[in-house]
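Keep in mind that this is a model prediction, so the values were computed, not measured.
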Amino acid sequence: QVQLVESGGGLVQAGGSLRLSCAVSGRTLDTYVMSWFRQNPGKEREFVAAISWSSSSSLRADSVKDRFTIYRDIAKNTLYLQMNDLKPGDTAVYYCAAGRPRVPYTKNYDYWGLGTQVTVSS
């Protein structure tokens with residue numbers, strides 16, 4: 001089993017920055033992919049970014065590619081999402097996920113956190 005706990009969300013003005021964290025416990029993640037997704041009420045959960053825990057190779061959605069960075073700290077067993085130049089359209093609940101999906105930007109992950117709210121005001 002893997003437990004994921006997100007933190008770092010909040011209210012920020014457009015153009016500001018936030019760093020989300022996802023604390024991981026329960027098992028080693030050497031073969032896992034870790035990702036961030038986001039979701040607004042009534043909408044599909046949307047892929048944001050993914051990273052291979054072992055190799056640190058990463059993938060980001062086009063909408064965030066120049067503004068968000070995904071990275072992990074193996075020693076702290078923590079996943080991060082650095083979000084810069086935030087826009088009102090980034091407002092959502094952000095979830096971290098762990099698993100071994102065939103395609104990282106699909107929702108086929110084994111474990112999900114409960115999410116953290118990010119609100120960007122204009």
Side-chain angles (χ1 to χ4, degrees):
Q1 282 287 350
V2 173
Q3 291 80 44
L4 306 175
V5 179
E6 302 95 336
S7 61
L11 174 64
V12 64
Q13 287 189 331
S17 298
L18 283 174
R19 188 182 74 165
L20 305 184
S21 301
C22 175
V24 183
S25 60
R27 62 165 294 162
T28 58
L29 299 171
D30 290 350
T31 62
Y32 274 58
V33 171
M34 298 286 299
S35 289
W36 289 98
F37 285 77
R38 64 188 182 186
Q39 188 173 23
N40 281 301
K43 294 193 174 181
E44 289 286 321
R45 194 164 292 190
E46 174 191 19
F47 171 77
V48 175
I51 189 168
S52 165
W53 191 261
S54 59
S55 72
S56 80
S57 61
S58 63
L59 176 69
R60 291 171 289 182
D62 287 344
S63 59
V64 305
K65 190 169 290 185
D66 297 327
R67 303 182 293 120
F68 292 8
T69 301
I70 185 171
Y71 61 102
R72 87 279 187 262
D73 186 325
I74 292 177
K76 294 183 178 179
N77 238 26
T78 302
L79 175 72
Y80 298 97
L81 185 68
Q82 177 67 44
M83 306 187 294
N84 298 328
D85 190 23
L86 282 159
K87 304 178 187 303
D90 296 318
T91 295
V93 176
Y94 283 70
Y95 299 89
C96 72
R100 287 173 282 199
R102 192 167 291 183
V103 179
Y105 51 82
T106 64
K107 296 188 284 291
N108 296 325
Y109 287 78
D110 299 315
Y111 305 102
W112 292 86
L114 296 180
T116 185
Q117 175 72 46
V118 172
T119 303
V120 184
S121 64
S122 58

Next on the checklist: Applying ring-ring contact (aromatic ring centres under 6.0 Å, His included) as the test, list every pair that has at least one member in residues 77-98; sequence neighbours left out.
Outcome noted: Tyr71-Tyr80
Checklist outcome for this item: On a heavy-atom basis, the closest approach of Val33 and Ala50 is CG1-CB, 4.1 Å
Checklist entry - Taking only residues two or more places apart in sequence or in another chain, which ones pass salt bridge (Lys or Arg N to Asp or Glu O under 4.0 Å) with Arg38? => result Glu46, Asp90
Next on the checklist: Would you say that Leu20 contacts Glu6 through its side chain, given a criterion of any heavy-atom pair below 4.5 Å between the two side chains?
Outcome noted: no
Checklist entry - Out of curiosity, Lys65 NZ to Ser58 OG, how far, rounded to the nearest 0.5 Å? => result 10.0 Å
Checklist entry - With a 4.5 Å heavy-atom cut-off, do Tyr109 and Pro104 have their side chains touching? => result yes
Checklist outcome for this item: Residues Pro101 and Asn108: closest non-hydrogen pair is CB-O, 3.4 Å
Item to check | Interatomic distance, Ser52 atom OG to Leu59 atom CG [nearest 0.5 angstrom] | outcome: 11.5 Å
Checklist outcome for this item: Note: Thr78 and Ser21 closest approach over all heavy atoms is CG2-CB, 4.1 Å
Checklist entry - Any sub-3.5 Å donor-acceptor pair from Asn40's side-chain atoms to Thr91's backbone N or O? => result yes
Item to check | Same apolar cluster (I L V M F W Y, side chains within < 4.5 Å links), Val93/Val118 | outcome: no
Checklist entry - Among the clusters formed by ILVMFWY side chains lying less than 4.5 Å apart, do Leu4 and Ile74 turn up in the same one? => result yes
Checklist entry - Out of curiosity, Thr69 OG1 to Met83 CE, how far, rounded to the nearest 0.5 Å? => result 11.0 Å
Next on the checklist: Check whether Asp30 reaches the backbone of Ser54 with its side chain - one donor and one acceptor, N or O, closer than 3.5 Å.
Outcome noted: no
Item to check | Spatial distance of atom OG (Ser35) from atom CZ (Arg60) [nearest 0.5 Å] | outcome: 13.0 Å
Next on the checklist: Donor-acceptor check, side chain of Gln39 to backbone of Ala92, threshold 3.5 angstrom: yes or no?
Outcome noted: no
Next on the checklist: I need the full list of disulfide (SG to SG under 2.5 Å) pairs touching residues 49-122, with sequence neighbours left out, sorted by first then second residue.
Outcome noted: Cys22-Cys96
Checklist entry - Is there a path from Tyr105 to Trp112 through hydrophobic residues (I, L, V, M, F, W, Y) whose side chains come within less than 4.5 Å of each other? => result yes
Checklist entry - With under 30° as parallel and over 60° as perpendicular, where do the rings of Tyr32 and Tyr111 fit, or are they tilted in between? => result parallel
Checklist entry - Does the gap between the ring centers of Phe68 and Trp36 come in under 6.0 Å? => result no
Checklist entry - So Val2 and Leu29, side-chain contact (heavy atoms from CB on, under 4.5 Å) or not? Walk me through it. => result CA-CA 9 Å; Val2 173; Leu29 299 171; 4.3 Å; yes
Checklist entry - For Leu81 and Ala49, which heavy atoms make the closest approach, and how far apart are they? => result CD1-CB, 4.3 Å
Checklist entry - Would you say Leu79 and Ile51 make side-chain contact, with heavy atoms under 4.5 Å? => result yes
Checklist entry - Any donor and acceptor pair, going by atom type alone, linking the side chain of Gln13 with main-chain N or O of Ser121 inside 3.5 Å? => result no
Item to check | Closest non-hydrogen atom pair, Met34 against Ala98 | outcome: SD-CB, 3.3 Å
Item to check | Residue pair Val64 / Val48: nearest heavy atoms and the distance that separates them | outcome: CG2-O, 3.6 Å
Checklist entry - Out of curiosity, Arg72 CZ to Ser56 OG, how far, rounded to the nearest 0.5 Å? => result 4.5 Å
